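Input: a single structure, listed below in structure tokens.
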Amino acid sequence: MKIKDYLKFYGVSNLDFSKKIGISNVSLSRYISGERLPEKKVLKKIYQVTDGLVDANDFYLEKNKSLILTEDQKDNILQITKKLRVGDRKSLAKAITIIESSLPIHRLESNFLLSQLVDNQKSIRIGVTGVPGVGKSTFIEAFGMKLIEKGFKVSVLAVDPSSKRSGGSILGDKTRMTRLSVDNNAFIRPSPSQGHLGGVAKKTSESIRCLEEAGFNIIFIETMGVGQAETAVYDMVDIFLVMLLPSSGDELQGIKKGIIEIADLIIVNKADGDLKKSAEITMSEYKNAQQMISKIRKDISPEVLMCSSIESFGIEEIWSFIERFIDLLKRNGSFFQNRQKQMIRSLW
């Protein structure tokens with residue numbers, strides 16, 4: 001007897017049953033959907049609680065149904081892709097939802113959807129990371145509004161950490177981008193990390209392709225901000241920004257932070273009010289630290305700048321550096337080589 005049928009027949013809620021067998025409600029939902037298989041001790045507990053009505057055979061001996069997309073399902077995906085190309089926001093949201101889904105049928109639809117997308121070499125992918133509270137969301141909003149004024153279409157993929165206890169995520173980054181979230185030339189999509197390491201979600205790189213198909217030429221990937229190990233985002237962006245707080249350590253501390261080694265631009269944020277002097281000192285110390293780190297990009301060195309997201313101070317200087325940086329990458333061919341390498345890494 002399937003566990004889903006057992007719960008329905010006996011009128012037992014998922015929450016009550018998960019407590020009886022000593023697992024989380026999220027784990028039980030994954031067992032029911034077939035996304036995961038229970039461990040031996042969990043199977044034994046399920047067998048005991050259900051008086052033998054649900055056993056291991058009901059999980060492991062299920063006939064594998066060979067899923068294929070019907071013509072109607074393919075037509076539906078083609079319609080989503082068609083609307084995506086003209087910038088339909090609802091279709092964009094649907095496309096990313098399908099891509100992020102773990103359901104077997106959605107995986108097939110996702111593969112078919114991605115096969116319809118065209119590579120876009122005109123967009124700029126900007127990774128933004130930093131410790132929680134450094135002001136990533138506030139910076140992205142201030143920067144994004146400036147870019148919209150310049151005629152760009154701006155999108156943000158904000159990755160939110162998933163709780164190991166409940167499996168849930170707050171997904172509240174839009175609340176910090178009140179102006180950007182209501183602008184017709186902007187699109188913000190919070191996504192749960194679902195336990196994926198590296199500061200990004202498992203399907204972030206595929207979501208980027210959907211945004212590019214919808215005509216967004218500036219794409220921010222805001223990591224969840226867990227510290228020094230968010231290096232996965234580096235393999236899916238054109239330029240990698242690391243944000244720091246004033247008085248965040250001297251040059252020796254800067255060298256110790258592994259993420260600094262791969263930063264293309266270090267930004268000391270919150271350079272306003274009483275913190276402006278501290279920001280200047282931090283910027284100077286990290287510039288000294290950069291001299292002791294070998295550069296990773298061809299023909300270009302990382303830079304250290306400071307800004308105030310609230311006062312919009314330093315935003316223009318940051319954009320000027322990004323423009324010069326991308327232009328140089330394209331002229332020496334690194335831009336296109338990096339995109340090809342990123343596609344291979346994403347595949348693996």
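Here the structure is a predicted model, which means the values were calculated and not measured.
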Subject >> More than 12 heavy atoms of other groups within 6.0 Å of I310 CD1 >> reply: no

Original post:
Atom CD of E149 and atom CG of D183: how far apart are they, to the nearest 0.5 Å?
Top reply: 9.5 Å

Original post:
Are L329 and M343 connected, step by step, through hydrophobic side chains (Ile, Leu, Val, Met, Phe, Trp, Tyr) whose heavy atoms are closer than 4.5 Å?
Top reply: no

Subject >> CD/E317: more than 12 non-hydrogen atoms of other groups inside 6.0 Å >> reply: no

Original post:
With S18, which residues qualify under side-chain hydrogen bond (donor to acceptor under 3.5 Å, both in side chains), at least two apart?
Top reply: none

**OP:** Spell out, as yes or no, whether a donor-acceptor pair under 3.5 Å connects the side chain of S110 to the backbone of H106.
**Re:** no

**OP:** Could you label the plane-to-plane angle of the F216 and F187 rings as parallel, tilted or perpendicular, counting under 30° as parallel and over 60° as perpendicular?
**Re:** tilted

Original post:
E100 versus S191: any side-chain heavy-atom pair under 4.5 Å?
Top reply: yes

Original post:
What distance separates I262 CD1 from F240 CZ, expressed to the nearest 0.5 Å?
Top reply: 4.5 Å

Original post:
Do you know which of N76, I105, D75 makes side chain to side chain contact (heavy atoms under 4.5 Å, CB included) with L69?
Top reply: I105

Original post:
Between F313 and D272, is any pair of side-chain heavy atoms under 4.5 Å apart?
Top reply: no

Original post:
When rounded to the nearest 0.5 angstrom, what is the spacing between CG in D55 and CG in L43?
Top reply: 9.0 Å

**OP:** Show the numbers, then the answer: is there a side-chain contact (heavy atoms from CB on, under 4.5 Å) between L157 and F220?
**Re:** CA-CA 6 Å; L157 290 175; F220 289 99; over 6 Å; no

Original post:
From S320 OG over to L305 CG, what is the distance, rounded to the nearest 0.5 angstrom?
Top reply: 9.5 Å

Original post:
Salt bridge or not for R125 and E212, using N-O below 4.0 Å?
Top reply: yes

Original post:
Is E280 close to K277 at the side-chain level, that is, under 4.5 Å between some pair of heavy atoms?
Top reply: yes

**OP:** Taking all non-hydrogen atoms of both residues into account, name the closest pair between S29 and N14 and its distance.
**Re:** OG-ND2, 4.2 Å

Original post:
Within the side chain of N217, is there an N or O that forms a donor-acceptor pair under 3.5 Å with the backbone of F152?
Top reply: no

Original post:
Is a donor on one side and an acceptor on the other found under 3.5 Å between the side chain of T50 and the backbone of V54?
Top reply: yes

Original post:
Should we say atom CZ of F9 is surrounded by more than 12 heavy atoms from elsewhere, each under 6.0 Å from it?
Top reply: no

**OP:** Give a yes or no on whether E39 atom CD has more than 12 heavy-atom contacts from other residues, nucleotides or ligands under 6.0 Å away.
**Re:** no

Original post:
Taking all non-hydrogen atoms of both residues, which atom of A95 and which atom of C210 are closest, and how far apart?
Top reply: CB-SG, 4.1 Å

**OP:** Output yes when a side-chain donor or acceptor of S115 lies under 3.5 Å from a complementary backbone atom of F112, and no otherwise.
**Re:** yes

Original post:
Would Y47 end up clustered with Y6 when hydrophobic side chains under 4.5 Å apart are linked, directly or stepwise?
Top reply: no

**OP:** Begin with the C-alpha distance, continue with both residues' side-chain angles, and end with the deciding distance and a verdict on side-chain contact (heavy atoms from CB on, under 4.5 Å) for V42 and K45.
**Re:** CA-CA 5 Å; V42 178; K45 192 70 176 176; 5.6 Å; no

Subject >> Minimum heavy-atom distance R107-S101, with the two atoms named >> reply: CG-O, 4.3 Å

Subject >> N269 side chain to L245 backbone, donor-acceptor under 3.5 Å >> reply: no

Subject >> Common cluster, L275/M243, ILVMFWY with side-chain heavy-atom separation under 4.5 Å >> reply: no

Original post:
Do you reckon Y10 sits in the same ILVMFWY cluster as V49, going by side-chain contacts under 4.5 Å, direct or chained?
Top reply: yes

Original post:
side chain to side chain contact (heavy atoms under 4.5 Å, CB included) with V237: which of I124, I221, T204, I219?
Top reply: I221

Original post:
Taking only residues two or more places apart in sequence or in another chain, which ones pass side-chain hydrogen bond (donor to acceptor under 3.5 Å, both in side chains) with E316?
Top reply: K150

**OP:** Drop me the distance from M283's CE to N288's CG, to the nearest 0.5 angstrom.
**Re:** 11.0 Å

**OP:** Can you run down the side chain to side chain donor-acceptor pair (under 3.5 Å) pairs that involve residues 85-98, sequence neighbours left out, and say none if there aren't any?
**Re:** R85-E213, D88-S91, T97-R189

Subject >> For the student: nearest non-hydrogen atoms of V154 and G144, plus distance >> reply: CG2-O, 3.8 Å

Subject >> D58 bridged to K2 by N-O distance under 4.0 Å >> reply: no

**OP:** Say whether, by atom type as modelled, one donor and one acceptor occur between the side chain of E285 and the main chain of T282 under 3.5 angstrom.
**Re:** no

**OP:** Indicate yes or no: at least one non-hydrogen side-chain atom of I218 is less than 4.5 angstrom from one of W319.
**Re:** yes

Original post:
Do I68 and L108 have side-chain heavy atoms sitting under 4.5 Å apart?
Top reply: no

Original post:
Of I23, I3, I21, which meets side chain to side chain contact (heavy atoms under 4.5 Å, CB included) against Y31?
Top reply: I23

Original post:
Would the number of heavy atoms belonging to other residues, nucleotides or ligands and lying under 6.0 Å from NZ of K341 be above 12?
Top reply: no

Original post:
Heavy atoms, side chains only, cut-off 4.5 Å: are Q73 and I77 in contact?
Top reply: no

Original post:
How far apart are the C-alpha atoms of R209 and E206, what are their side-chain angles, what is the distance that settles it, and do they pass the side-chain contact (heavy atoms from CB on, under 4.5 Å) test?
Top reply: CA-CA 5 Å; R209 292 187 62 196; E206 287 86 348; 5.8 Å; no

Original post:
Side chains of L15 and K19: does their closest heavy-atom pair fall under 4.5 Å?
Top reply: yes

Subject >> Salt-bridge criterion met for D327 and R331 (N-O under 4.0 Å) >> reply: yes

**OP:** Quickly, which of V156, I140, L265, L241 forms a side chain to side chain contact (heavy atoms under 4.5 Å, CB included) with I126? Name it, please.
**Re:** L241

Original post:
Are any of the side-chain heavy atoms of E303 and K287 separated by less than 4.5 Å?
Top reply: yes

Original post:
Hey, quick one: are L78 and L117 part of the same hydrophobic cluster, counting side-chain heavy atoms closer than 4.5 Å, chains of contacts allowed?
Top reply: yes

Original post:
At their closest point, which heavy atom of G135 faces which heavy atom of S309, and how far apart are they?
Top reply: O-OG, 4.4 Å

**OP:** Hey, could you give me the OG/CZ distance between S334 and R339, rounded to the nearest 0.5 Å?
**Re:** 13.0 Å

Subject >> side-chain hydrogen bond (donor to acceptor under 3.5 Å, both in side chains) evaluation trace for D72 with T70 >> reply: CA-CA 5 Å; D72 286 343; T70 65; 5.2 Å; no

**OP:** Answer yes or no: are there more than 12 heavy-atom neighbours, outside F335 itself, under 6.0 Å from its atom CZ?
**Re:** yes

Original post:
Just by modelled atom types, is the R179 backbone N or O under 3.5 Å from a matching donor or acceptor in the E141 side chain?
Top reply: yes

Original post:
Donor-acceptor pair, D5 side chain versus M1 backbone, under 3.5 Å?
Top reply: no

Original post:
Which heavy atom of I239 sits nearest a heavy atom of F321, and at what distance?
Top reply: CD1-CE2, 4.1 Å

Subject >> Step-by-step side-chain contact (heavy atoms from CB on, under 4.5 Å) determination, Q342 to S205 >> reply: CA-CA 9 Å; Q342 287 169 6; S205 57; over 6 Å; no

